[in-house]
Amino acid sequence: MTFDFLNELNDSQRAAVEYCDGAQLVIAGAGSGKTRVLTYKIAFLMENGYSPASIMALTFTNKAAREMKSRIASLVGEKRARYLMMGTFHSIFSRMLRRESDTIGYTKNFTIYDSADSKNLIKTIIKELKLSDKEYKPAVVHSRISFAKNNLITADVYAQNLQYLKFDSAIKMPLISDIYKFYSARCRQADAMDFDDLLLNSNILFKKSPEILQKYQQFFRYILVDEYQDTNFAQYMIVKKLAENHEHICVVGDDSQSIYSFRGANIDNILQFRNNYKDAKIFKLEQNYRSTQNIVNAANSLIAKNKDRIEKTVFSEKEKGNRVKIISVHTDLEEGTFVANNIKDLHRTQNIDYENIAVLYRTNAQSRVLEEAMRKAAIPYRIYGGLSFYQRKEIKDVIAYCRIICNQNDEEALKRIINFPVRGIGDTTIEKISQCAVTHNTTMWEVINDMLKYNLPVNAGTAAKLAKFRDLILSFAQQVESENAYNIVNQTVIQTELITDTYSAPTPENMSRRENIEEFVKAVHEFCEQKAQEGVDNVILSDFLSEIALITDQDENINDKNAKITLMTVHAAKGLEFGVVFIVGMEEELFPSAYSYSDPKQLEEERRLFYVALTRAEEQCFVSYAKSRFRNGQTNFSNPSRFIKDIDIQYVDLPKEDNYNKNMFIKTDWATERENFDSFKHPQMPVFQKDKTTVKNKFTRVKYDVLQVDTVPIETDYKAGIFVKHEVFGIGKVIGSTRENGNEKVEIDFGEKGKKTLLLKFAKLQILK
DNA sequence: GTAAGAAAAATTTTT
DNA sequence: TTTTTCTTAC
């Protein structure tokens, strides 16, 4: 086969595809054919001697992986594309972890906790530690633990890291370190990993077993990463390790579209790529094939106001196009009417299809008013967001049964279904079991399994109920290795009375619950059938579970062929394009979100978010703001977003008729904001030690490799808890130790003399044994 | 142990 | 406003 397809690429795209000699960063501006480059490059590699199985392509969503795979299949054929190692970081490395699970002390059937499970477990631990969940907000604790894991900080390391502990004290949660420790222990006891563990443990595995690392290094000869701007440190490190020997790595992304830092994504990964891979070649895709010149220019002028970015000149050779229309309305209701009227107009007079129109907003809460307006105007619409199939209560219940059948130590699953459907095992009993498990350092299941041994203080009636529950689960568990997954699930929903429960009353809710459960059972059936066709003779339940644990499918209504307009958050719109885009709610405190005000970095991320929104539009873009908005139960006055005036005035049509004026904008302009940016100390966890020497290309060099994946990265004699003697301050207790620019600092509590942070090389400390 | 009513909170969320 | 969590009465 010849490389005909190379002719379909422009010069810079082709250059990016053809360069295969080493580390490569492809900066792909919005609409510049990023996916095209990735797919063609993979095809190109396959034509040049790389076997499909030796190519690893990492994406951020299952959907992206699926789409890319099918596009490659159309280039090189289904058969060859099938063996590509393509998927999300989480799915690919969870499979690896199952294979190598003994090395890190898990079974191959470990459970994957979703975010809700994680949060529940954290809540339980907070309660057990007798802390108030007013002060210790589970969501905040979870995000701290998640952040730590994404930066490869294990619980032990966390407890030794002064900077982390200080931060926690500052936000009045000094014991997060302890919660983290218990949380990790409990996950391990339950044979469970959370999402972040999949990445963290992959790193630990590589660290722990150089042989295993080597095996994968030799196997994967080319690694490609999509959406690189949204990767975190743990992901960076996995790729870094795997590609260590050959550095045959290609990362593709757009720093201007990094919008997921709140999930641990680290924009420095892309900004610092050339410092982390010394021989890296940078390719820039700057021609935008999606939008009109005016939209591209407007977006460029907006993003130019950001400080943290890689210089690039995105341009369009399409027609000039219309200006971005800024619309001022009085209320959120009026905004809805305006959007609806315009859509009708576009549809009728300009013949624009509904599916080519999208309304984008910052928060899901805004969808209601818009939905109402569309309904009134009889415009067909589709809302993205909300609950996915696998997050529905009844589905989570069925899955919880499946999980406990496969792994009885799965505590979160147990707690979910031990009294659902109600079987008279109430909170008090569960509390007793939990207490009992903690005191005997075992799992709740063990306690239920042998109530006498652990002296569970319950009456005979309760004991009988518990025994009945145990036997129910065990009866399935015994068959789980031999019986077909479909049969087990089918029997489970019947025998646990999950499905009978929906017959209790003929309400629409019950009907819908029943339909969902039936659909789930059908999905299991289809999974078994499909695997059978692939030659697997018996599909067991744990196979199915590990398949669905990482699915959070967004694209359900795929069958819905009717033309509809799209309502979604800006985040959800990433990667999509529409002829006409309405961006609504462009107001201070909403977009940018008030939560971002305190941190210039977050403000820049909000601006990138607006950039993403603008660049979704191909032909026409409307941006609206309301002077008052109903929010959180009350009507508030609002000012137009500062981002509106960040767009160069020549690319916008400002509202003419009403009193639009510059005084409406808040006083801080972007120049001041940029000054703030420089002086601002970020209230984030310090992760990397930056040395301040500036290298050629204005980026500060980051020493990633300082950080070790190990239990104790800081080799210190001054561990927390030991006692030391100081010439002046006397005897004190070590709180912790950190290293800064190679100097070790020790923080010590000298009791009456107070807490001191001392530089080790100056302070003459004597360790007391 | 459960269910109803009061009080409190309220981003974005690819895994 | 809605949604989630807490309290209180059965």
Side-chain angles (χ1 to χ4, degrees), chain A residues 58-67 87-94 112-119 123 133-134 137-139 142-143 146 149-150 193-200 226-227 229-232 234-235 257-265 332-333 360-369 372 384-388 390-391 419-420 422-431 461-462 465 548-555 568-576 585 589-597 602 605-606 608-610 612-613 629-636:
Chain A
L58 296 158
T59 60
F60 254 73
T61 61
N62 296 304
K63 193 177 156 201
R66 252 193 328 266
E67 283 172 4
T88 63
F89 273 92
H90 290 81
S91 75
I92 286 185
F93 292 101
S94 71
I112 296 174
Y113 275 175
D114 68 17
S115 322
D117 295 321
S118 303
K119 243 174 242 154
K123 213 186 271 176
D133 60 0
K134 291 260 158 53
K137 298 240 171 62
H142 181 242
S143 81
S146 172
K149 286 185 178 178
N150 287 155
M193 293 192 200
D194 65 18
F195 288 145
D196 304 315
D197 282 331
L198 297 174
L199 306 175
L200 173 63
D226 190 15
E227 305 283 13
Q229 76 280 0
D230 287 326
T231 53
N232 59 41
Q235 291 165 322
Q257 295 185 62
S258 164
I259 54 172
Y260 278 98
S261 75
F262 67 93
R263 287 197 53 80
D332 45 349
L333 289 164
L360 308 181
Y361 35 81
R362 176 68 243 263
T363 66
N364 274 315
Q366 289 164 261
S367 69
R368 202 157 269 125
V369 188
E372 193 56 41
Y384 285 78
L387 282 189
S388 86
Y390 290 96
Q391 288 174 320
N419 197 31
F420 187 84
V422 273
R423 45 173 76 85
I425 304 171
D427 291 347
T428 327
T429 310
I430 296 170
E431 190 54 37
T462 311
K465 288 172 189 164
I548 61 162
L550 298 169
I551 296 180
T552 47
D553 238 346
Q554 301 266 300
D555 45 353
M568 55 166 60
T569 63
V570 183
H571 279 92
K574 192 176 148 193
L576 306 177
E589 291 177 41
L590 183 60
F591 201 169
S593 150
Y595 292 85
S596 66
Y597 281 17
Q602 284 189 44
E605 178 151 323
E606 295 281 315
R608 290 194 292 271
L609 193 57
F610 186 36
V612 169
R629 180 171 297 274
F630 188 77
R631 215 157 52 118
N632 297 348
Q634 50 183 320
T635 305
N636 293 310

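Just so it is clear, the model here is predicted, and its values are computed rather than measured. So you know, we letter chains A, B, ... as the sequences are listed, proteins then strands, and number each from 1.
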Could you tell me whether [X] contacts a base, only the sugar-phosphate backbone, or nothing, with contacts defined as non-hydrogen atoms closer than 4.0 Å?
X	value
A:Phe89	nothing
A:Val422	sugar-phosphate
A:Ser596	nothing

Task: Ring-base stacking, A:Phe630 with C:dT1 (5.5 Å, 30° cut-offs) - done: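 Stacking between A:Phe630 and C:dT1: absent.
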When the distance from [atom1] of [X] to [atom2] of [N] is rounded to whole Å, what number comes out?
X	N	atom1	atom2	value
A:Gln366	C:dT2	CD	C1'	15 Å
A:Asn632	B:dA7	CG	C1'	16 Å
A:Arg631	B:dT12	CZ	P	11 Å
A:Asn62	B:dT14	CG	C1'	9 Å
A:Asn364	C:dT3	CG	P	12 Å
A:Tyr361	B:dT11	OH	C1'	13 Å
A:Asp427	C:dC6	CG	P	12 Å
A:Asp332	C:dT2	CG	P	14 Å

Closest approach to the side chain of [X], judged atom by atom: which nucleotide of [options] is it?
X	options	value
A:Arg368	B:dT12, C:dT3, B:dT14	C:dT3
A:Tyr595	B:dA10, B:dT2, B:dT14	B:dA10
A:Thr363	B:dT11, B:dT13, B:dT14	B:dT11
A:His571	B:dG1, B:dT2, B:dT12	B:dT12
A:Thr428	B:dG1, B:dT12, B:dT14	B:dG1
A:Arg362	B:dT11, B:dG1, B:dT13	B:dT11

Task: side-chain N/O A:Thr569 vs B:dT11 OP1/OP2, d < 4.0 Å - done: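 No, because none of the side-chain N or O atoms of A:Thr569 sits under 4.0 Å from OP1 or OP2 of B:dT11.
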Open item on the list: Less than 4.0 angstrom between a side-chain N/O of A:Lys574 and OP1 or OP2 of B:dT12, yes or no?
Closed with: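 False: A:Lys574 side-chain N/O out of range (4.0 Å or more) of B:dT12 OP1/OP2.
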Task: Pairwise distance NZ(A:Lys119) to NE2(A:His142) - rounded to 0.5 angstrom - done: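 Taking NZ in A:Lys119 and NE2 in A:His142, the distance rounds to 6.5 Å.
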Open item on the list: Is it the case that the side chains of A:Ser593 and A:Ser596 hold a donor-acceptor pair, with the cut-off being a distance below 3.5 Å and no angle test?
Closed with: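 No, no side-chain donor-acceptor pair sits under 3.5 Å.
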TODO: Say whether A:Thr363 and A:Gln366, considering side chains only, have a donor N or O and an acceptor N or O under 3.5 Å apart.
DONE: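 Distance-only check passes for A:Thr363 and A:Gln366.
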Open item on the list: If you assign A:Gly424 and A:Ser115 each to the DNA chain B nucleotide with the nearest heavy atom, which residue ends up on the more 5' nucleotide?
Closed with: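 Checking each residue's closest nucleotide, the 5'-ward one belongs to A:Gly424.
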Task: Closest-nucleotide 5' rank along DNA chain B - winner of A:Phe60 and A:Asn419 - done: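 With A:Asn419 and A:Phe60 compared, the 5'-side residue is A:Asn419.
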Open item on the list: Just to verify, which of A:Arg263, A:Arg608, A:Lys574 counts as forming a salt bridge (Lys or Arg N to Asp or Glu O under 4.0 Å) with A:Asp230?
Closed with: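 Single salt bridge (Lys or Arg N to Asp or Glu O under 4.0 Å) partner of A:Asp230 among A:Arg263, A:Arg608, A:Lys574: A:Lys574.
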Open item on the list: On a heavy-atom basis, which atom in A:Leu198 and which in A:Phe93 lie closest, and how many Å separate them?
Closed with: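 Reported closest heavy-atom pair: O-CB, 4.5 Å.
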- [ ] Using the P atoms only, state how far C:dT5 lies from B:dT12, rounded to an integer number of Å.
- [x]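 Straight-line distance between the two P atoms is 16 Å.
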- [ ] Give none if B:dA9 has no partner; otherwise give the nucleotide forming a Watson-Crick or G-U wobble pair with it, both distances under 3.5 Å.
- [x]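 Partner of B:dA9: C:dT2.
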- [ ] Answer yes if the ring centres of A:Tyr595 and A:Tyr597 are under 6.0 angstrom apart, and no otherwise.
- [x]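 Judged by ring-centre distance (under 6.0 Å), A:Tyr595 and A:Tyr597 do not meet the cut-off.
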